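Since the model is a prediction, treat every value here as computed from it, not as a measurement. Whatever order the structure lists them in is the order used to number ligands and atoms, beginning at 1.
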Amino acid sequence: MNRRDILKYSLVSAVAATFAASVSASESKETTVLAVGVGSPAPLPEATGPRVVVVGGGWSGLAVAKYTKKFAPNADVVLVERRSEFISCPVSNLYVVGEVDLEFLTHDYLQAARENQYNFFNATAVGVDKTNKILKTSNGDIKYDYLVLAPGIEYDYAPWGIDLVTEQRLRTEYPAAFIPGSEHMTLKNKVQNFKGGNFILTVPGGNYRCLPAPYERACLIADYFKKHKIKGKVLLLDENAEITIKKEGFQSAFNEMYKDYIQYVPNAKIISIDLDKKTVVIGEMEESYTFADGAFYPHVRGGKLLEVCGVAQDTAFNKMEGNIDPFTYEAIGVENKNIFVSGDARPMGYSKSGNTSNTEGRYLGQLIAQRIKDGNDIPWVSPLTVCYSSVSAKPERAISIRAQYKFEGKTLAGFTNVEMSEQWKGKVGLENGKLLDAWAKRLYADMFHA
Ligand SMILES: Cc1cc2nc3c(=O)[nH]c(=O)nc-3n(C[C@H](O)[C@H](O)[C@H](O)COP(=O)(O)OP(=O)(O)OC[C@H]3O[C@@H](n4cnc5c(N)ncnc54)[C@H](O)[C@@H]3O)c2cc1C
């Protein structure tokens with residue numbers, strides 16, 4: 001049984017077990033409480049209009065839910081999310097080095113639902129009945145007219161060829177901190193209690209979540225070590241041949257600010273990891289490095305929900321991303337149509353960023369609203385990638401990129417309208433630092449307020 005089979009088997013078994021429990025529970029009058037679950041109707045009021053169910057309350061799903069309702073006020077929008085509060089990945093590298101607190105990153109789903117007039121439904125989606133247009137969740141079934149799947153990414157450790165014991169140890173002892181919450185808390189503790197030696201960070205291949213974030217993280221942790229006079233350095237093992245984005249800016253920061261605090265190693269494909277000896281072997285020459293602590297960022301893949309719902313495909317970049325039309329985001333070859341995939345789980349080679357997901361979510365919300373109104377689509381609009389990356393804290397200096405995308409036919413031709421500010425020195429860098437703060441506040445306000 002391979003990894004994918006195990007995944008499918010365990011999800012199917014879990015769903016079957018819950019379903020069986022709910023069926024037998026509904027037969028027994030004494031245990032009716034257990035009947036609320038997969039297979040029984042979700043405790044939601046009757047839909048008041050065409051029902052749009054959005055799974056995933058991340059940067060994408062929040063925008064889709066808000067803008068669908070905004071452009072189609074008669075729609076009955078339900079946002080299904082397994083977490084009970086939102087924690088932001090953007091700005092989390094500043095949290096890791098103690099420059100912002102968790103409260104700045106944490107936001108209230110109920111407020112977003114109240115202000116934007118949709119329902120927040122706190123549950124895990126576990127499958128879809130496409131024939132009857134029903135989303136199955138851990139807290140009951142929801143009938144939909146339109147279904148948007150925005151589950152983000154999951155980690156894919158398979159390219160490292162490690163066993164499940166090592167994988168589980170990596171997830172627990174060296175979490176990547178590219179999915180928010182406990183992983184970021186663990187990383188913050190690691191950095192702030194670091195005594196010295198190599199602090200390993202890895203940059204995966206493929207189209208990983210937030211291209212600049214591993215380099216930003218390396219700079220901020222190096223900055224922390226330097227300021228706190230910690231005799232350690234960041235060992236940045238990059239599977240790619242060179243820095244994947246904002247190269248000039250990060251390279252100059254590595255060389256000029258953190259010469260003794262960052263060791264950057266390109267072409268560092270991981271061959272093996274020994275967590276007991278704390279060694280990692282990389283590249284064709286099989287070079288070995290030791291580490292005292294750190295975080296291992298593996299390849300990413302689309303959220304497993306896509307695979308379970310039968311709307312996933314392997315792409316040139318990653319495994320199991322949405323099998324969709326790149327302009328309408330609609331899943332291909334699906335009975336009864338009206339299933340969409342957006343956010344980091346999309347297959348297009350966009351930068352997997354919060355701003356990309358947010359602007360794309362606005363477009364998709366508007367597209368679904370138009371379909372509700374008259375069955376037509378709106379003209380395609382490129383998402384917008386805007387990203388400020390800190391290279392130092394106190395004073396905060398950052399570099400930035402702003403870009404859109406163009407297609408040739410159905411093939412993504414690449415970035416267009418690119419504006420870069422790779423300069424972190426002087427006023428420009430300081431100004432970019434302020435813009436990062438303003439950007440985050442603007443996007444949080446967009447997602448959580450009317
Ligand atoms: C360290 C770091 C720094 C970053 N910095 C920036 C930055 O400066 N600027 C920027 O633009 N972007 C940045 N990003 C990238 C940004 O965070 C992601 O691109 C963005 O979160 C993608 O949004 P999404 O909605 O696709 O996925 P997510 O935000 O991950 O949301 C997916 C949601 O779906 C939920 N979910 C998944 N499966 C289910 C299920 N079965 N049932 C119910 N709910 C489910 C998850 O709980 C999650 O809340 C950064 C990321 C990291 C990690």
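Side-chain atoms of Trp424 and Ser252 form a donor-acceptor pair, as typed in the model, at a separation below 3.5 Å. Side-chain atoms of Arg217 and Asn93 form a donor-acceptor pair, as typed in the model, at a separation below 3.5 Å. Donor-acceptor pairing under 3.5 Å is lacking for the side chains of Tyr95 and Asp101.
For atom 8 (O) of ligand 1, the nearest non-hydrogen atom of the protein is Cys387 SG, 3.8 Å. Here the protein heavy atom with the shortest distance to atom 25 (O) of ligand 1 is Ser60 N, 2.8 Å. Nearest protein heavy-atom neighbour of atom 34 (O) of ligand 1: Gly56 CA, 3.2 Å. Among all non-hydrogen protein atoms, the one lying nearest atom 28 (P) of ligand 1 is Arg209 NH2, 3.5 Å. The protein atom (non-hydrogen) at minimum distance from atom 33 (C) of ligand 1 is Glu81 OE1, 3.5 Å. Annotation: atom 40 (C) of ligand 1 to nearest protein heavy atom, Ala125 N, 3.7 Å. Closest protein heavy atom to atom 44 (N) of ligand 1: Arg82 N, 3.3 Å. With hydrogens left out, the protein atom closest to atom 2 (C) of ligand 1 is Cys89 O, 3.6 Å, a heavy atom.
For Tyr258 and Phe225, the ring centers sit 6.0 Å or farther from each other. In this structure, Phe250 has its ring center under 6.0 Å from that of Tyr215. Close placement of the Tyr174 and Phe291 rings is indicated, their centers lying within 6.0 Å of each other.
Both the backbone and the side chain of Ser353 come within contact range of ligand 1, each with a heavy atom under 4.0 Å. Only the side chain of Trp439 comes within 4.0 Å of ligand 1, judged by heavy-atom distances. Neither the backbone nor the side chain of Lys304 comes within 4.0 Å of ligand 1, counting heavy atoms alone.
Distances below 4.0 Å separate heavy atoms of Gly343 from the following atoms of ligand 1: 26 (O). Within ligand 1, counting atoms from 1 as listed, the ones closer than 4.0 Å to a heavy atom of Ala150 are 32 (C), 33 (C), 34 (O). Atoms of ligand 1 lying under 4.0 Å from any heavy atom of Pro151, numbered from 1 in the order shown and given with element: 32 (C), 34 (O), 37 (C), 38 (N). The atoms of ligand 1 that sit less than 4.0 Å from any heavy atom of Lys352 are 15 (C), 19 (O). Heavy-atom contacts of Ala213 reach the following atoms of ligand 1: 2 (C), 3 (C) (cutoff under 4.0 Å). In the vicinity of Val55, heavy-atom distances shorter than 4.0 Å reach the ligand 1 atoms 42 (N), 43 (C).
Below 3.5 Å of separation, one finds an N or O of Asn355 facing an N or O of ligand 1. An N or O contact shorter than 3.5 Å is missing between Ser342 and ligand 1 by distance. Every N/O-N/O distance between Arg217 and ligand 1 stays at or above 3.5 Å. Considering both main-chain and side-chain atoms, Thr124 never comes within under 3.5 Å of ligand 1 through any nitrogen or oxygen pair. Polar contact check, Asp344 against ligand 1: a nitrogen or oxygen pair lies under 3.5 Å apart. At under 3.5 Å, a nitrogen or oxygen of Gly354, whether backbone or side chain, sits near a nitrogen or oxygen of ligand 1. Considering backbone and side-chain N/O atoms, Ile153 never comes within less than 3.5 Å of an N/O atom of ligand 1. For the pair Ser92 and ligand 1, the shortest N or O to N or O distance does not fall below 3.5 Å. Among the atoms of Thr356, none of the N or O lies under 3.5 angstrom from an N or O of ligand 1.
Within the model, atoms CG of Asp344 and OG of Ser353 stand 7.5 Å from one another, a figure rounded to the nearest 0.5 Å. For the atom pair NZ (Lys226) and SG (Cys219), the distance works out to 10.5 Å, reported to the nearest 0.5 Å. Rounding to the nearest 0.5 angstrom, the gap separating the CD atom in Gln366 from the OH atom in Tyr67 is 10.0 Å.
Taking 4.0 Å as the cut-off between side-chain N and carboxylate O, Lys246 and Glu216 do not count as a salt-bridged pair. Classification of Glu154 and Arg209 as a salt-bridged pair fails, no side-chain N sitting under 4.0 Å from a carboxylate O. By the 4.0 Å N-to-carboxylate-O rule, Lys441 lies close enough to Asp437 to be salt-bridged with it. In summary, Lys133 and Asp129 do not engage in a salt bridge, as defined by a charged side-chain N under 4.0 Å from a carboxylate O.
Nearest residue to atom 5 (N) of ligand 1 from Ser400, Pro90, Gly58 is Pro90 (criterion: closest heavy atom).
Remark: distances from the non-hydrogen atoms of Ala123 to ligand 1 include one below 4.0 Å.
Relative ring orientation between Tyr109 and Phe120 is described as parallel, the plane-to-plane angle staying below 30° on a 0-90° scale split at 30° and 60°. Ring geometry for Phe448 versus His107: interplanar angle under 30°, hence parallel rather than tilted (30 to 60°). Taking the six-membered ring where the residue is Trp, Tyr350 and Phe407 present perpendicular rings, their angle passing 60° and hence far from 30°.
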